[in-house]
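Atoms considered below: every heavy atom in the structure, side chains included; atoms not considered: hydrogens, waters and symmetry mates. Order of the sequence lines fixes the chain letters, A, B, ..., with proteins taken first and strands second; residue numbering starts at 1 for each chain.
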Amino acid sequence: VAGRVPEASQRRVLDRATRQRRLNRQLEALENDNFGDDPQAGLPRPGKRLPHFADTAETGKKKKKTRGDHFKLRFRKNFQALLEEQGLLNLSAAEAPNYVSACAGPSRLPQRHFCAVCGFPSAYTCVTCGARYCSSRCLGTHQDTR
Amino acid sequence: GALRGNVPLFSSVIPNCQFRSKTARLKTFTANQLDEIKDPSGLFYILPFQKGYLVNWDVQRQVWDYLFGKEMYQVDFVDTNIIITEPYFNFSSIQESMNEILFEEYQFQAVLRVNAGALSAHRYFRDNPSELCCIIVDSGYSFTHIVPYCRSKKKKEAIIRINVGGKLLTNHLKEIISYRQLHVMDETHVINQVKEDVCYVSQDFYKDMEIAKLKGEENSVMVDYVLPDFSTIKKGFCKPREEMVLSGKYKTGEQILRLTNERFAVPEILFHPSDIGIQEMGIPEAIVYSIQNLPEEMQPHFFKNIVLTGGNTLFPGFRDRVYSEVRCLTPTDYDVSVVLPENPITYSWEGGKLISENDDFEDMVVTREDYEEHGHNICEEKFDI
């Protein structure tokens, strides 16, 4: 175990900003619907879709088809754009209660820490990156998989 | 679901998204066509929603075209009313797009847009007519909302949103399994099933942690989950206790996940989002916080009527844990009652069904004629989103 600990001069300690960035990236990753890419991503776009003859003949109603780019632009905004449009990016100007003010505040209870390797409660912190571990064995695994 | 006259025609729970499969590359599966996919490994999800809000109308319209069309419900729009739920604090541009699409594109006869919690509250008050207040906990895919209702009106100032939902729990489970045992980051569908099959809410977190550390027979928390391979094993399952090989390896060719603390540490995030670094309060704390920000004379009424809805409440032990934590945080002279309905996922739908059968339903909806005459304004006035 003594051999695993590098010299103090070789150890690169991550500062708080970097650690916070890492945590933010992890939390953002938890918001993803998917991990990999769309299976159809690389494929060429299919040719113009054949009109559904059966539908239009049956109903006889004029169904409004897509009106081209304008329609698509309006109807496919991303979340950040919606927040901006609603005027919620500037918190003081926004009228409460709103989406942002409804967000739960921090807990009054102290944060608990778990070993990054095995998930059991942890008492120790990795000096370099701040990850938690519970035993020297888990520390070893952590350093191997850094 | 739908009623014709007063006879229920059908009601089913259908995924509101599209799927793409690595094995059936050219096809996009819509909604319940999920059942047609023979090999759902590496399944790719396409949701119309982002963070719980409807942003991608292309996808939503494809789902609705399919559901309302020939292959499914064959909706006759001219004669049909629709009740549709929206998230709390829904953005005005989304609400307007919704009006346009429902009235101008699909041309429904009448529309009621409402928060899901309002339907749940209505359902609850039907069973408990003497109660005036209730607090709805809606824990779903994208987030969890705590919403107090008083006489069918939501107390907007006391709504709390916790940014933890089923999606986050599944993603977290995928990560820890991928790090500790087997790379499953692409297997959202499979691991979601694992989560639903083996996870539970612990009543005594640290005690369960101790038990999960034990070796062999004494570890009653440990479970071996057999992953589906979609040829011989169509659906994953837990190995029965008698067949578990407690020390050493399995001789059979199956892929097996050994789950110990993951079983209860994952749902624990609903109670302590700070466990993974999200600085928000958990569900019981948020319930108490929300109620305590309401007028004091109303508070006892809310504590007596806590209703749990949404998919995440299905974890075994969820209701008891919420009760015991809220009980600890509440003054002893208040009664605390936490209700978990028989089907927390369809509870709000049941509320919608009751509303549609009400005599004053006609006054609650906006008809297409109303919309054509008054536009978005009438929707904004009538609907309390």
Which region of [X], side chain (C-beta onward) or backbone (N, CA, C, O), has a non-hydrogen atom less than 4.5 Å from a non-hydrogen atom of chain B, or is it both or neither?
X: A/Ala116; answer: backbone
X: A/Glu85; answer: side chain
X: A/Leu27; answer: side chain
X: A/Gln86; answer: side chain
X: A/Thr145; answer: side chain
X: A/Asp37; answer: backbone
X: A/Leu88; answer: side chain

Quiz item: Which atom pair, heavy atoms only, marks the closest approach of B/Pro273 to B/Met281?
Solution: CG-O, 3.7 Å
Quiz item: Looking only at heavy atoms, what is the nearest atom pair of A/Phe114 and A/Ser122, with distance?
Solution: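 Looking at all heavy atoms of both residues, the closest pair is C-CB, 3.7 Å.
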Quiz item: Taking the six-membered ring where the residue is Trp, are the ring centres of A/His142 and A/Tyr133 under 6.0 Å apart?
Solution: no
Quiz prompt | Check: B/Phe91 ring centre within less than 6.0 Å of A/Phe79 ring centre | solution = yes
Exercise. Identify which of B/Lys22, B/Lys156, B/Lys213 forms the greatest number of heavy-atom pairs closer than 4.5 Å to chain A.
Key: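 Highest number of heavy-atom pairs under 4.5 Å: B/Lys213.
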Practice problem: Pick whichever of B/Asn163, B/Ile46, B/Leu168 has the most heavy-atom pairs under 4.5 Å with chain A. | Solution: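 Among B/Asn163, B/Ile46, B/Leu168, the one with the most close pairs to chain A is B/Leu168.
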Engaged part of [X] at the chain A interface, taking heavy atoms whose separation is under 4.5 Å:
X: B/Thr28; result: both
X: B/Leu43; result: backbone
X: B/Phe49; result: backbone
X: B/Glu262; result: neither
X: B/Thr188; result: side chain
X: B/Lys27; result: backbone
X: B/Phe205; result: side chain
X: B/His172; result: both
X: B/Tyr45; result: both
X: B/Ala212; result: both
X: B/Arg180; result: side chain
X: B/Glu285; result: side chain
X: B/Ile176; result: neither

Side-chain donor-acceptor contact under 3.5 Å, [X] with [Y]:
X: A/Thr18; Y: A/Asp15; answer: yes
X: B/Gln109; Y: B/Thr80; answer: no
X: B/Glu175; Y: B/Asn171; answer: no

Self-check item: Pairs of heavy atoms under 4.5 Å with chain B: top-ranked of A/Leu23, A/Asn32, A/Asn24, A/Thr141
Solution: A/Asn32
Practice problem: Could you tell me which of A/Pro121, A/Cys118, A/Ser101 has the largest number of non-hydrogen atom pairs under 4.5 Å with chain B? | Solution: A/Cys118
Any donor-acceptor N/O pair, [X] side chain to [Y] backbone, under 3.5 Å:
X: B/Lys195; Y: B/Gly166; value: yes
X: A/Asn34; Y: A/Gly36; value: no
X: B/Arg263; Y: B/Val221; value: yes

Quiz item: Any idea how B/Trp64 and B/Tyr106 line up, ring-wise: parallel (<30°), tilted (30 to 60°), or perpendicular (>60°)?
Solution: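 Correct class here is perpendicular.
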Quiz item: Using 30° and 60° as the class limits, which term best fits the ring planes of B/Phe143 and B/His145: parallel, tilted or perpendicular?
Solution: perpendicular
Exercise. In sequence, state the C-alpha distance, the side-chain angles, and the governing distance for B/Leu169 and B/Val164, and then conclude on side chain to side chain contact (heavy atoms under 4.5 Å, CB included).
Key: CA-CA 8 Å; B/Leu169 299 181; B/Val164 177; 4.2 Å; yes
Exercise. Kindly compute the distance separating OG (B/Ser178) from CD1 (B/Ile191), expressed to the nearest 0.5 Å.
Key: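 Answer rounded to 0.5 Å: 7.0 Å.
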